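Here is the structure we will look at, set down as structure tokens.
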Amino acid sequence: RKLNDVRAKLAEQRAARRALGEQTERANQRLAAERAALAAQVRMSYVTGRAEVFKLLLSQESPAELGRMLVYYDYFNRARSVRIGAVRTDLERHAALNADTQRVEAQLKDLEAAQAAQVAALAKARDERQAVVTRLDASIKDDSAAVAKLRGEEKRLADLVERLRELMAGLPVEGDQPFASLKGKLSWPVAGRLAGDYGQPRAGGVVKWNGVLLEATAGTAVRAVYHGRVAYADWLPGLGLLVIIDHGGGYMSLYGHNEALLKEAGDWVQPGETIAQVGDTGGQPRPALYFEIRYKGEPVNPHTWITRPVAGR
């Protein structure tokens, strides 16, 4: 979660730096235009001579013509002063933009250092955890122990879903369309390779998958398949960091093995909204998302709800 915050701040600062760069470029263009205009006025002044007003006074021009010429030169000098002021203002603005750019770049460096420290700490924690997972897997010496472990995890999940159904019964969820009408129209929560499929045997065929396991890069955004309310966002043995969304009408979607949860119980989510990040928590040997759809507590085939087949099927 901290790393996610750092990345968001880093993105904001980079956007600010791009905006400052664009403003500086525009200031440079204005400054060049003002300098060119001022140079043109200076050249004209040199051509007409430094004593242009005295020459006019000593000339034989009529008073009316002389008056017009004096007004003209007054306008000319005022315009010259305005140009000089504009150049001075742009110079000051240019200096301020440069100072702002330097300040933002210094903040970016600090944020990048903080991000690097977060990445190093996360990598170390993952290595330590992987060593623990390896030892635990080695301790399960036979198929009966593996089956008992999987059945225990299934029962914990089924009990949790049943309790959530009871709790959410008094909190109706209303969307633009009922979830039941979306069969065959949803998108997968992540784009990944199918590593475990619904109905496929596990642990020698005694236990079967109740959902799908989608392999994806660690940190990939996990998106809600539809509108709903987060019923659960916490750790569950066997599934690690788990999110369960209640879509109303008896339907729930489950997202397990995440490395980070970005929503809390009670939060409302929209279709496609990021709710978590792909991970390998809960004893998973490599980053993957476990995804289920349940109706009245019972798992259903998620493939029938999705518009496109997943890679690897």
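Note that the coordinates shown come from a computational prediction; the quantities given were computed from them, not determined experimentally. The chain is numbered in sequence order, starting from 1.
- By the 4.5 Å heavy-atom criterion applied to side chains, I275 and L262 are not counted as neighbours.
- Counting heavy atoms from C-beta outward, L242 and L160 have side chains that approach closer than 4.5 Å.
- The minimum heavy-atom distance linking P271 with H227 is given by the pair CG-N, 3.6 Å.
- To the nearest 0.5 Å, atoms NE2 (H303) and CG (D197) are separated by 3.5 Å.
- At a threshold of 4.5 Å between non-hydrogen side-chain atoms, the residues W188 and V212 count as touching.
- Here the closest non-hydrogen pair linking G297 and V161 is CA-CG1, 3.8 Å.
- For the pair K155 and D159, the salt-bridge criterion is met [side-chain N within less than 4.0 Å of a carboxylate O].
- Note on ring orientation: taking the six-membered ring where Trp is involved, the planes of W209 and Y290 are tilted (angle from 30° to 60°).
- Side-chain contact between T220 and L289 is absent, with no heavy-atom pair separated by less than 4.5 Å.
- Residues T304 and Y198 are not in side-chain contact: their nearest non-hydrogen atoms beyond the backbone lie 4.5 Å or more apart.
- Rounded to the nearest 0.5 Å, atoms CD (E292) and CG (L157) are 5.5 Å apart.
- Of the charged side-chain nitrogens involved, none lies within less than 4.0 Å of a carboxylate oxygen, so that R18 and E22 do not count as a salt-bridged pair.
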**Request:** Decide side-chain contact (heavy atoms from CB on, under 4.5 Å) for Y226 and I293; before the verdict, give the C-alpha distance in whole Å, the side-chain angles of both, and the deciding distance to 0.1 Å.
**Result:** CA-CA 11 Å; Y226 191 57; I293 293 178; over 6 Å; no

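- Taking each heavy atom of A265 and A231 in turn, the nearest pair found is CB-O, 4.1 Å.
- The side-chain heavy atoms of V243 and K263, taken from C-beta on, include no pair separated by under 4.5 Å.
- Between the CG atom of D246 and the OH atom of Y251 there is a distance of 12.5 Å, given to the nearest 0.5 Å.
- Nearest heavy-atom pair, T307 versus G184, reported as atom, atom and distance to 0.1 Å: CG2-O, 3.2 Å.
- Relative ring orientation between F291 and Y255 is described as tilted, the plane-to-plane angle lying within the 30° to 60° band.
- The minimum heavy-atom distance between A224 and I245, with the atom names listed, is CB-CD1, 3.7 Å.
- Using a cut-off of 4.0 Å between Lys/Arg side-chain N and Asp/Glu carboxylate O, R165 and E162 are scored as salt-bridged.
- The shortest side-chain heavy-atom distance between V173 and H247 does not fall under the 4.5 Å cut-off.
- Interatomic distance, CE of M252 versus CG of L164, reported as 5.0 Å (0.5 Å rounding).
- The one candidate from N258, L261, T274 that meets the side-chain contact (heavy atoms from CB on, under 4.5 Å) condition with V222 is N258.
- Contact annotation: the side chain of H257 approaches that of L239 to within less than 4.5 Å [non-hydrogen atoms, C-beta and beyond].
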